[in-house]
There are 2 protein chains.
Amino acid sequence: MAGRRSVAAALDTRAAIVRCAADIASVEGMEGVTIGRLAAELEMSKSGVIGHFGTKEQLQLATLEYAVDLFRTRVWDPVSHRPPGLDRLLAICESWTRHEDKPGFPGGCFIAAVTFEWDGRTGPVHDALVVTTERWRGVLRREIETAVAAGELAADTDPGQVVFALEALAVGVNPARQLHGDDLAPAWALRAMHAVLGVPAPSST
Amino acid sequence: MAGRRSVAAALDTRAAIVRCAADIASVEGMEGVTIGRLAAELEMSKSGVIGHFGTKEQLQLATLEYAVDLFRTRVWDPVSHRPPGLDRLLAICESWTRHEDKPGFPGGCFIAAVTFEWDGRTGPVHDALVVTTERWRGVLRREIETAVAAGELAADTDPGQVVFALEALAVGVNPARQLHGDDLAPAWALRAMHAVLGVPAPSST
DNA sequence: CAACTTAGCGAACGAACGTTCGTACTTCAA
DNA sequence: TTGAAGTACGAACGTTCGTTCGCTAAGTTG
């Protein structure tokens, strides 16, 4: 297996395409990613780009998968070793807002951008996005329920309400930074998360 | 002045185009609005559509303006008569979440969608969006500062932090509804807003 | 009634879109 | 040494994009 490049280069090529697509999509959305633009940016031919995926939709799904992996690596993995409960939930909030602070994409968090771009559409990308965010919501929900059961959060805490609020606050960091240059937005989000959880905010972050 | 339709019809036409564009954009974003699609949907020619605006960018700006007017009518006007302070701030939160509940667009709140679509880009539409959201933030900020001065909110309240949180929670209603079908999202957002403000939540909404 | 303005149409433009095809070339397996 | 597999290319496809042009028709103004 080879072409103008070696096997290793071929695998690298696919990864490079996906990474480039995610970079563009974080700024202009997934619909802003065109085969021709990727080809120009990577100095390849259009057919060389799309050949790795077949269709543009498959490329979009691969790009989403890449961003999800990155999210897990940067947000979940650092806290996964902790015991479930309030402690880990707060650690998630910290790594999450830290991730939104420096999301690894030029246009802010990829998932946040794509969430708003695809929430009203239909099709495989929408569905994959639903599955992904649903899974993350499940993680948060279980953490909250554990904390409630342990008496670390108020007994009348509504897990759905708290999950919604945490998600909205984390995602909201993006437009605050991109649109208004709010460098403090991650800290603000973290503080608001504590308020929603009904636990005292840390004195400094 | 006339064509195939009367003067009144011509003014109606422009308004109809903008309304249709806003409907489409709320679902698929402003880039999803194409001249050809508007022409097909309105049973006009492409040149008849774009003739009212000159360029697509002007159409986008007109669409944004329309959505902003609608937002003001539905969120600000119902509470503008009240005296400034916590009471009006809470009234804003209520009309705001009510607006996000039934935003008047098929794809949810137009401004929320466009905010995430354009936050990373440059150009007149981005700039107009910044001006618009900045103005709304100013309204919220003044309300908060008034409430703090009156002792209705804690003296150490950070207006920027609270404004950020209110905005994020309101905007977050959209993907929650579109992606997960959370009909309770508006109520959840309102409850979280109270938590962020540090005031007791209303027993029922 | 004539002159002017303007809404809207239909056709066309160059560019970009996603996709398909045949081909060249390189590496691995037989 | 030959054959299969696979990467990437270049060219072309039909479509759609935003925009421009000349034209018709209706209403306003003189």
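Throughout, a chain's letter reflects where its sequence line sits, starting with A, and its residues are numbered from 1. Only this structure's heavy atoms are used, side chains among them; waters, hydrogens and symmetry mates stay out.
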Side-chain (B/Glu100) to main-chain (B/Val173) donor-acceptor, under 3.5 angstrom
no
[X] [atom1] - [N] [atom2] separation (whole Å):
{"X": "A/Ile50", "N": "C/dA16", "atom1": "CD1", "atom2": "P", "answer": "18 Å"}
{"X": "A/Arg14", "N": "D/dG6", "atom1": "CZ", "atom2": "P", "answer": "14 Å"}
{"X": "B/Ile35", "N": "C/dG8", "atom1": "CD1", "atom2": "P", "answer": "15 Å"}
{"X": "A/Glu57", "N": "C/dT19", "atom1": "CD", "atom2": "P", "answer": "9 Å"}
{"X": "A/Glu41", "N": "C/dA16", "atom1": "CD", "atom2": "P", "answer": "15 Å"}
{"X": "B/Phe53", "N": "D/dT20", "atom1": "CZ", "atom2": "C1'", "answer": "18 Å"}
{"X": "B/Lys56", "N": "C/dA16", "atom1": "NZ", "atom2": "C1'", "answer": "13 Å"}
{"X": "B/Leu42", "N": "C/dC9", "atom1": "CG", "atom2": "C1'", "answer": "15 Å"}

When you measure from the side-chain N and O atoms of [X] to the phosphate of [N], is any distance below 4.0 Å, counting only OP1 and OP2?
{"X": "B/His52", "N": "C/dG8", "value": "yes"}
{"X": "B/Thr13", "N": "C/dG8", "value": "yes"}
{"X": "A/Ser47", "N": "D/dC9", "value": "no"}
{"X": "B/Thr55", "N": "D/dG18", "value": "no"}

B/Arg121 NZ/CZ over B/Trp118 ring centroid, <6.0 Å and within 45° of normal
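Yes.
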Geometric class of the A/Trp96/A/Trp136 ring pair [parallel <30°, tilted 30-60°, perpendicular >60°]
perpendicular
If you check the B/Met44 side chain, which of D/dC9, C/dC9, C/dT19 turns out closest?
C/dC9
If the threshold is 4.0 Å, N to carboxylate O, is there a salt bridge linking A/Glu134 and A/Arg141?
no
Examine the base of C/dG8 for any acceptor or donor lying under 3.5 Å from a partner atom in the side chain of B/Ser45, and report the outcome as yes or no.
no
Ranking A/Lys46 and A/Val49 by the position along DNA chain D of their nearest nucleotide, the one closer to 5' is A/Val49
Take A/Asp69 and A/Arg72 through the salt bridge (charged side-chain N to carboxylate O under 4.0 Å, His left out) test and state the conclusion after the steps.
CA-CA 5 Å; A/Asp69 283 346; A/Arg72 178 173 35 238; 2.6 Å; yes
